[in-house]
S.K.: 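Take a look at the following structure, please.
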There are 2 protein chains.
Amino acid sequence: MHKPTIQDVARLAGVGVGTVSRVLNNHAAVRDSTRQTVLSAIRDLEYVPNPHARRIAGGKSYTISILLPVITTEFYVRLLDGLESAFQEARYDVAIFPLLDRSRLERYLGSHTLAYQADGLVMATYNLTQLFSENRLREQQPMVLVDAYAEGVDCARMDNHLGGRMAGQFVAQQPGHSYAVWVETELDQIFTSRVFEERSAGFHAAMAEAGRTVSGEFISSFDAHAARTVAGQVLDAAQFPATVFASADLLAGALLDEAQARGLAVGSHLKVLGFDDQPWAAARGLSTLHQPVEAMAYEAATLLLSRLSGHRGPPRVRTFEPRLVLRSSTGHA
Amino acid sequence: MHKPTIQDVARLAGVGVGTVSRVLNNHAAVRDSTRQTVLSAIRDLEYVPNPHARRIAGGKSYTISILLPVITTEFYVRLLDGLESAFQEARYDVAIFPLLDRSRLERYLGSHTLAYQADGLVMATYNLTQLFSENRLREQQPMVLVDAYAEGVDCARMDNHLGGRMAGQFVAQQPGHSYAVWVETELDQIFTSRVFEERSAGFHAAMAEAGRTVSGEFISSFDAHAARTVAGQVLDAAQFPATVFASADLLAGALLDEAQARGLAVGSHLKVLGFDDQPWAAARGLSTLHQPVEAMAYEAATLLLSRLSGHRGPPRVRTFEPRLVLRSSTGHA
DNA sequence: TTGTACGCGTTATCAA
DNA sequence: TTGATAACGCGTACAA
């Protein structure tokens, strides 16, 4: 009474194992009536293909490893969801490798873990391609960058420059003074993402085009406590009416908190624009830039899958655009 | 120029594949000289055994899957580190499966992901054993709970009751009024952890034993914004001098913030005791309960590995004790 | 359109 | 102590 195999299915359905395999893999020509017979046999036996046997027979591991930073933020939850659903459709498995710090990166590179044995690699946010030159990652491994950009690799990225520009254009239209809060860049070269630099460049370009000046800029590290402290600094320094572009919703949320504590009228006296559209943003009326994360993730998976099925050709870059969502924190709706 | 197989190693070492396999698995009798020959061949070829082939031939996959909640908090970083290092020592591979919500749990159970095919299962914080009765998880799969407890399964857990008790004993010694802040319990049965209930029970028991009453209790969800709001409520309601036990450092941190904003003297007029000993706790002078997370994780791995190597017998429970760390938020040091 | 037979990389058995 | 060889469950040429 062991787990049913493809043999059992074939016997019950009265066909050869080859036919069962074809049904399993949606292969070309199988007569529809036999397909049905096979499928019902599969159901009856509650047959589930053994993925390990599939891997060994097919010569592929049917596994993709995903290297990503901390995953608690909504952004990475959505990213992971997009990637996993796309890969699952293609019957690929996913090995998640959270990159928490450099020592974990070393562990990944050094050990011969499952992740390292994968057919393909997805790298999120960080541009780890510089590890190529160190020959740490096998050059020929098919891979794709999500939410990051590098030359010579397929990329699916958010247009953060445009996002910053959209923010700048909006802010430039508001009366009064303009401020911005940025996220501190990581010191470790390898773990540096250019996301916030790009948002900043776009923001400044738009402000300059509109002939507006930024009255003050602030930098915060990416955690709630620091954000709140910086929010206090911003409101101490600001001249009102003021519009603040916070380059991440985390920072914008802290500004809303601090403004509330000070009894400031958010939406008129003080306007706040965030970036990310976190789940709570709608409830708190935070205007922000929404990112099509799932679409970007899905596209990244598609790019990688095409390489895995033999696609050659120059690296492709897919760019996704944020969308401005206006709510009460800027006096809308 | 493909990946070397056991055949290649055997050929280079001038032995049979059986011998190589024996060396690989530390099997009984292999002459030491041939063992060395084989090992050096393995090194030369940079040979790595194919886990899928092992799975299919030997019935084991040498993979452990780890089901755990969001992993950004320091607690899970440390937990993951402890687990990974223990399993790596035993040459087991690790498949991480972050359980972000119910849909991801479904994905794990429904699809036949790598994680699902592992030899063993580690479940962190959540007690998912009720899924057994639904026959969703294969009953016979070796598994261990970390940071959780259930009957009939090996567990490595923190004694949260004792932690709460230690907090209660400390708070009971302080003059003035006593308050407590708890973390909201998840609504979803499956994702319910009893951690905070236990801390609460221990706390109340200790207070009762000391003949002290709790002047007020508050509940917050586990996020920075809510914590700050609740912190405000606590300080609004409190009569001073007051000592507040916050059942998680996240909550305690919000209390420190709010107290600072109000200009309250922390350490005398207001004392705050947290739970977790987050990395920032020392810098901010937060008194708190430190948890030996790595040790607990390592022990969990050991329990599981013993099952995998054939250990039978009744479920074992290993309990770890928090340690009270006193800093300036309670007027120490 | 379908069935047969071989190969994938490893472990386990058995004879040497 | 070793080597040859039969499994393991599946994909896929190739033949029918």
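Values below: every heavy atom of this structure, side chains too, minus hydrogens, waters and symmetry copies. So you know, we letter chains A, B, ... as the sequences are listed, proteins then strands, and number each from 1.
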S.K.: Check whether any side-chain N or O of A:Thr19 sits under 4.0 Å from OP1 or OP2 of C:dG3, and answer yes or no.
M.R.: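 Checking A:Thr19 against C:dG3: at least one side-chain N or O falls below 4.0 Å of OP1 or OP2.
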S.K.: Just to verify, what does B:Asp159 make a side-chain contact (heavy atoms from CB on, under 4.5 Å) with, not counting sequence neighbours?
M.R.: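 Testing B:Asp159 for side-chain contact (heavy atoms from CB on, under 4.5 Å), a comparison that skips the adjacent residues, returns B:His161, B:Leu162, B:Thr319.
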S.K.: Quick one: salt bridge (Lys or Arg N to Asp or Glu O under 4.0 Å) partners of A:Asp154, sequence neighbours excluded?
M.R.: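 For A:Asp154, the residues satisfying salt bridge (Lys or Arg N to Asp or Glu O under 4.0 Å) (neighbours in sequence not counted) are A:Arg307, A:Arg316.
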S.K.: Mind running side chain to side chain donor-acceptor pair (under 3.5 Å) on A:Thr63 and A:Asp93 for me, showing each step along the way?
M.R.: CA-CA 5 Å; A:Thr63 303; A:Asp93 227 330; 5.4 Å; no
S.K.: What string of B, S and - do you get for nucleotides 11-16 of chain C 5' to 3' if you count protein non-hydrogen atoms under 4.0 Å?
M.R.: SBB---
S.K.: Say whether, by atom type as modelled, one donor and one acceptor occur between the side chain of B:Arg318 and the main chain of B:Ala156 under 3.5 angstrom.
M.R.: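 Between the backbone of B:Ala156 and the side chain of B:Arg318 there is no qualifying donor-acceptor contact (under 3.5 Å).
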S.K.: Strictly below 4.0 Å, heavy-atom distances to any atom of DNA chain D: list the hits from residues 8-15 of chain B, or just say none.
M.R.: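 Within residues 8-15 of chain B, the residues near DNA chain D are B:Gly14, B:Val15.
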S.K.: Whole-Å distance between D:dT2 P and B:Gln36 CD?
M.R.: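 From B:Gln36 CD to D:dT2 P: 12 Å.
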S.K.: Taking A:Asp8 for its side chain and A:Thr5 for its backbone only, find out whether a donor-acceptor pair lies under 3.5 Å.
M.R.: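 Yes, A:Asp8 side chain to A:Thr5 backbone: donor-acceptor pair under 3.5 Å.
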S.K.: Can any side-chain N or O of B:Ser21 pair as donor or acceptor with the backbone N or O of B:Val17 at less than 3.5 Å?
M.R.: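 No; judged by distance alone, with no hydrogens or angles, the pair does not exist.
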S.K.: Counting only N and O atoms by type, is there a donor-acceptor contact under 3.5 Å from the side chain of B:Thr19 to the main-chain atoms of B:Val15?
M.R.: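 Checking the backbone N and O of B:Val15 against the side chain of B:Thr19, no donor-acceptor pair under 3.5 Å is found.
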S.K.: Would you compute the distance between atom CE of B:Met143 and atom SG of B:Cys155 and round it to the nearest 0.5 angstrom?
M.R.: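 Interatomic distance, B:Met143 CE to B:Cys155 SG, rounded to 0.5 Å: 8.0 Å.
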S.K.: My understanding is that only one of B:Leu83, B:Thr125, B:Ile96 makes a side-chain contact (heavy atoms from CB on, under 4.5 Å) with B:Leu68; could you say which?
M.R.: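 For B:Leu68, the side-chain contact (heavy atoms from CB on, under 4.5 Å) test succeeds with only one of B:Leu83, B:Thr125, B:Ile96, which is B:Ile96.
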S.K.: Could you check how far CG of B:Asn50 sits from C1' of C:dG7, rounded to whole Å?
M.R.: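 After rounding, the gap between these two atoms is 14 Å.
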S.K.: Could you tell me the separation between the CD1 atom of B:Ile56 and the C1' atom of C:dC8, rounded to a whole number of Å?
M.R.: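 Computing the B:Ile56:CD1 to C:dC8:C1' distance gives 8 Å.
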S.K.: With a cut-off of less than 4.0 Å, is there a side-chain N or O of B:Thr34 near OP1 or OP2 of D:dT2?
M.R.: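 So the side-chain polar atoms of B:Thr34 do come within 4.0 Å of the phosphate oxygens OP1 or OP2 of D:dT2, strictly under.
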S.K.: Quick one: CE on B:Met123 to CZ on B:Phe97, what's the gap to the nearest 0.5 Å?
M.R.: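 Spacing of CE (B:Met123) from CZ (B:Phe97) equals 13.5 Å.
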S.K.: Could you give the angle between the helix axes at the two ends of the helix from C:dT1-D:dA16 to C:dA16-D:dT1, with five pairs per end, rounded to 10 degrees?
M.R.: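 The end axes of the helix from C:dT1-D:dA16 to C:dA16-D:dT1 are about 40° apart, to the nearest 10°.
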S.K.: Provide, to the nearest angstrom, the distance between the NZ atom belonging to A:Lys60 and the C1' atom belonging to C:dG9.
M.R.: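 Going from NZ in A:Lys60 over to C1' in C:dG9 covers 18 Å.
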S.K.: Just to verify, what does B:Tyr92 make a ring pair (Phe, Tyr, Trp, His ring centres under 6.0 Å) with, not counting sequence neighbours?
M.R.: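 B:Tyr92: ring pair (Phe, Tyr, Trp, His ring centres under 6.0 Å) contacts with B:Tyr62.
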S.K.: Output the rounded distance in Å from CD (B:Gln7) to P (C:dT10).
M.R.: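 To the nearest whole Å, that distance equals 8 Å.
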